[in-house]
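Remember, it's 1-based here, ligands and their atoms both numbered in the order they're listed. Since we're looking at a predicted model, the values are computed, not measured.
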Amino acid sequence: MERFDVVVIGAGPAGGQCARQLTQAGQRVLLIEQHETFDQNDFSSAATPLETLETFNLPETVIGSYWQNLVIITTNIQQKWPSPKPLGAVFDFAKLREFLATEVQSQGGEVWMGYRYLRYYQNHQNTIVELKQRSTGEIIQVETQVLVDATGPARAVMYSKKEPQPNYLTATAIEYLIELSATDYQKYSQDLIFFLGHRWMPRGYSWIFPMGNNRLKVGSAQLNRSHQWVNQNQNLRSYVELLLTDYLTDIPYKIINHHGGMLKYCSGLKDVYYQDNIIAIGDAVSMVNMLGGEGIRHGMQNANIAAGYIQDYLAGKITDFAGYRQDIRQTYTKTWNGSEKMGLSKYLKYSDESIDKGVYYLKDLSLDDMMAILFHYDFKRLYKAVFKYLRYKFDKVWITLKIKLNSTSNF
Ligand SMILES: Cc1cc2nc3c(=O)[nH]c(=O)nc-3n(C[C@H](O)[C@H](O)[C@H](O)COP(=O)(O)OP(=O)(O)OC[C@H]3O[C@@H](n4cnc5c(N)ncnc54)[C@H](O)[C@@H]3O)c2cc1C
C-alpha cells in the first residue's frame with residue numbers, strides 16, 4: 001500500500017492549492033479527483049479581482065479574459081463604473097485547476113484523476129483511504145497521516161453518504177457558454193455585468209462575463225428559499241434565456257455548452273472543520289461568500305492557512321486542528337455573517353422598486369467604493385449612498401413643507 005503524508009480529496013481550487021503548498025514545502029502528497037479531466041466539471045463562472053493572480057502567483061495561461069468595467073443592471077436602472085485598466089479576470093476554470101495539479105506533480109506530488117473517494121478508516125496511528133478507480137472499478141487503498149476534505153459542497157469525507165448533514169443555505173446556478181461574432185463580442189469584452197431585480201432574477205442575480213475567444217458566460221443563480229414578495233414561477237434556465245432574448249437582443253450566438261452547480265453554505269461558520277487527523281477546506285467549510293457566491297479566491301486563501309496547520313501537525317508541533325478552526329472563525333466570521341445578511345436581504349426581501357432605488361444611489365459611489373463593497377465586503381462604504389438617499393428624502397420633505405407653508409401664508 002502506498003503511503004503519503006497528506007491525501008487531499010478533491011482537485012478544486014482549494015484542494016489544488018492546498019496540495020501545491022504542501023508539495024512545495026516538501027511533503028509527500030496525493031491529490032485525488034473523481035473526474036478524468038478538468039473539462040468534465042468546468043462549472044464555475046470564475047470571476048475574480050486582479051489581486052488573486054498575484055496573491056497565488058498564477059500565470060496568464062489560466063485566464064480566460066480580463067475585465068475592467070463594473071456594470072449593474074436592474075429592472076429600470078443601469079449603472080456603470082468604468083476603469084482605464086483591468087480590475088480583474090475571469091478564469092478558465094478548467095485551466096486554473098489543471099495548472100494547480102500540474103504544479104503539484106512538478107513539485108514531486110501525485111495527482112490521480114478519475115478516482116472517487118469512498119471512505120476512510122483508522123488503523124493504529126494512520127488512516128487508510130479507500131478509492132475507486134472509475135474506469136476499471138478497481139478499489140485501491142492508500143495510507144496517510146493527514147486526510148483533507150476538499151470535496152466542495154459534497155463534504156464527502158466529513159460526512160459519510162448516509163450521515164445527515166446540517167440544513168444549509170443553498171443556491172443553484174446555471175450558466176451557458178456562448179460564442180458571438182468578434183464585433184459583437186467587443187461590446188461586452190471589458191465588462192463584468194450583474195443583473196439584479198425581479199425582472200432579471202428575483203431570488204438571486206444573473207450575469208454576463210467575458211471569457212475571451214469571442215465567448216461570454218451567461219448565467220443565473222438563485223437562493224433556494226422563498227422571496228418575501230415574489231412568487232417565482234419560472235425555472236432558473238428561463239432567466240438565463242431571458243438574458244439571451246431580452247438583453248443580448250438580436251445578437252446571433254452559438255451555445256458552446258451549459259453547466260451549473262450548487263453552493264451549500266452553513267450559516268455562522270458552523271461546519272465541521274476537523275476530526276482527529278482529518279481537516280476540511282474550501283466550500284466544504286463554506287468558504288464561498290454569500291454576497292455574490294465568490295469562492296475561488298477564498299477557498300485558495302483558506303487552503304494556504306490549512307496547509308500551515310497541516311505542516312505543524314506533521315512536524316509534531318500541534319496534535320489537532322483546533323487552532324485552524326479558531327483561526328478561520330476569527331478571520332472570516334464577521335465578514336461572512338455581514339455578507340450573508342446583506343445577500344439574504346438583497347435577494348429575498350427587497351421590493352423591485354427598492355432594488356432600483358438602491359442601485360440608483362450607488363451612482364454616487366466611486367469605482368474604488370464599488371470594488372471594496374463587492375470584493376472586500378466593506379459595507380460601510382454603502383453609507384455614502386445611504387446618506388445621499390436620506391438627503392434626497394429630506395430635501396423632498398422640505399420642499400413639500402415649504403410649498404405647504406407658502407400656500408397657507410397666501411390665505
Ligand atoms: C455556477 C457557479 C458559478 C460560480 N462563479 C464563481 C465566480 O464567478 N467566482 C468565484 O470566485 N466563485 C464562483 N463560484 C464558486 C466557486 O466555483 C467555488 O466556491 C469553488 O469552486 C470552491 O472550490 P473548492 O475547491 O472548495 O470546491 P470545488 O471547486 O467544488 O471542488 C471540489 C472537487 O472535489 C471533487 N470531488 C467531490 N467529491 C469527490 C469524491 N467523492 N472523490 C473525489 N473527488 C471528489 C469534485 O469533483 C471537485 O472537483 C461559482 C460556483 C458555481 C456553482
Undergrad: Around atom 32 (C) of ligand 1, find the nearest protein heavy atom and jot down its residue, atom name and distance.
TA: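 For this ligand atom, the closest protein heavy atom is Ala150 O, 3.3 Å.
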Undergrad: For atom 23 (O) of ligand 1, which candidate among Pro13, Gly282, Gly299 holds the nearest heavy atom?
TA: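 Among Pro13, Gly282, Gly299, the closest heavy atom to atom 23 (O) of ligand 1 belongs to Pro13.
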Undergrad: Does His198 have any ring pair (Phe, Tyr, Trp, His ring centres under 6.0 Å) partners at least two apart in sequence or in another chain, and if so, which?
TA: His227
Undergrad: Which of the numbered atoms in ligand 1 are below 4.0 angstrom from a heavy atom of Ala47?
TA: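 Atoms satisfying the 4.0 Å criterion: 7 (C), 8 (O), 9 (N), 10 (C), 11 (O).
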Undergrad: Can you confirm whether or not the ring centre of Phe321 sits under 6.0 Å from the ring centre of Tyr309?
TA: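 No; Tyr309 has its ring centre 6.0 Å or more from that of Phe321.
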Undergrad: Closer than 4.0 angstrom: is that true for some heavy atom of Tyr115 and an atom of ligand 1?
TA: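 Yes.
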Undergrad: How far is atom 41 (N) of ligand 1 from its nearest protein heavy atom, and which residue and atom name does that atom have?
TA: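 Of the protein heavy atoms, Tyr117 O, 3.4 Å lies nearest.
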Undergrad: Note the single closest protein heavy atom to atom 21 (O) of ligand 1, along with its residue, its atom name and the distance in Å.
TA: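 So the nearest neighbour among protein heavy atoms is Phe93 CZ, 3.6 Å.
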Undergrad: Describe, in one word, how the ring planes of His298 and Tyr377 are oriented to each other, choosing from parallel (under 30°), tilted (30 to 60°) and perpendicular (over 60°).
TA: tilted
Undergrad: Run the ring pair (Phe, Tyr, Trp, His ring centres under 6.0 Å) test against Tyr117 and tell me which residues pass, sequence neighbours left out.
TA: none
Undergrad: What's the verdict on ring pair (Phe, Tyr, Trp, His ring centres under 6.0 Å) for Phe209 and Phe194, showing C-alpha distance, side-chain angles and the deciding distance?
TA: CA-CA 9 Å; Phe209 295 167; Phe194 296 98; 5.7 Å; yes
Undergrad: Using 30° and 60° as the class limits, which term best fits the ring planes of Trp112 and Tyr115: parallel, tilted or perpendicular?
TA: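 Answer is tilted, since the angle falls between 30° and 60°.
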Undergrad: Can you pull out the closest protein heavy atom to atom 2 (C) of ligand 1? Residue, atom name and distance to 0.1 Å, please.
TA: Phe43 O, 3.8 Å
Undergrad: What atoms of ligand 1 come within less than 4.0 Å of a heavy atom belonging to Ile9?
TA: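 Answer, ordered by atom number: 42 (N), 43 (C).
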Undergrad: Do any heavy atoms of Trp207 fall under 4.0 Å from ligand 1?
TA: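 No, Trp207 has no heavy atom closer than 4.0 Å to ligand 1.
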Undergrad: Which residue supplies the protein heavy atom nearest to atom 25 (O) of ligand 1, what is that atom called, and how far is it?
TA: Ala14 N, 3.0 Å
Undergrad: Which residue owns the protein heavy atom closest to atom 17 (O) of ligand 1, what's the atom, and how far is it?
TA: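 Nearest protein contact, heavy atoms only, for atom 17 (O) of ligand 1 is Ser44 OG, 2.8 Å.
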Undergrad: Which distance, rounded to the nearest 0.5 Å, do you find between the CD of Glu110 and the CD of Gln105?
TA: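 With rounding to 0.5 Å, CD (Glu110) is 8.5 Å from CD (Gln105).
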Undergrad: If I take atom NE2 from residue His376 and atom CG from residue Asp368, how far apart are they, to the nearest 0.5 angstrom?
TA: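 Nearest 0.5 Å value for the NE2-CG distance: 10.0 Å.
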Undergrad: Among Glu33, Gln34, Gln17, which one puts a heavy atom closest to atom 45 (C) of ligand 1?
TA: Gln34
Undergrad: Among all protein heavy atoms in this structure, tell me which lies nearest to atom 10 (C) of ligand 1, with the distance rounded to 0.1 Å.
TA: Gly295 N, 3.4 Å
Undergrad: Is His35 in contact with ligand 1, taking contact as a heavy-atom separation below 4.0 Å?
TA: yes
Undergrad: I need the atoms of ligand 1 closer than 4.0 Å to a non-hydrogen atom of Asn41, numbered in the order shown.
TA: 47 (O), 48 (C), 49 (O)
Undergrad: Does ligand 1 have an atom under 4.0 Å from some heavy atom of Thr48?
TA: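 Thr48 does not count as a contact of ligand 1 under the 4.0 Å cut-off.
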Undergrad: Can an N or O of Ala46 be found at a distance shorter than 3.5 Å from an N or O of ligand 1?
TA: yes
Undergrad: So, do His258 and Tyr176 have ring centers that fall under 6.0 Å from each other?
TA: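 Centroid distance His258-Tyr176: below 6.0 Å, so yes.
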Undergrad: If you draw the axis of the six-membered ring of Tyr168, does the NZ or CZ of Arg155 fall within 45° of it and under 6.0 Å from the ring centre?
TA: yes
Undergrad: If you take the nearest heavy atom of each of Ala154, Ser45, Gly16, Gly293, which one is closest to atom 5 (N) of ligand 1?
TA: Ser45
Undergrad: With ring centroids as reference points, do Tyr247 and Phe195 lie under 6.0 angstrom apart?
TA: yes
Undergrad: Is the Phe38 to Phe99 ring centre distance short of 6.0 Å?
TA: no
Undergrad: For Tyr360, is the NZ or CZ atom of Lys363 found under 6.0 angstrom from the centre of its six-membered ring and inside 45 degrees of the ring axis?
TA: yes
Undergrad: Could you tell me which atoms of ligand 1, counted from 1 in the order shown, lie closer than 4.0 angstrom to a heavy atom of Ala173?
TA: 1 (C)
Undergrad: Atoms of ligand 1 less than 4.0 Å from Thr151 heavy atoms?
TA: 32 (C), 34 (O), 37 (C), 38 (N), 39 (C)
Undergrad: Taking the minimum heavy-atom distance to atom 30 (O) of ligand 1, which of Gly12, Gly10, Pro153 ranks first?
TA: Pro153
Undergrad: How close does the nearest protein non-hydrogen atom get to atom 18 (C) of ligand 1, and which residue and atom is it?
TA: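 Looking at atom 18 (C) of ligand 1, the protein heavy atom closest to it is Asp283 OD2, 3.4 Å.
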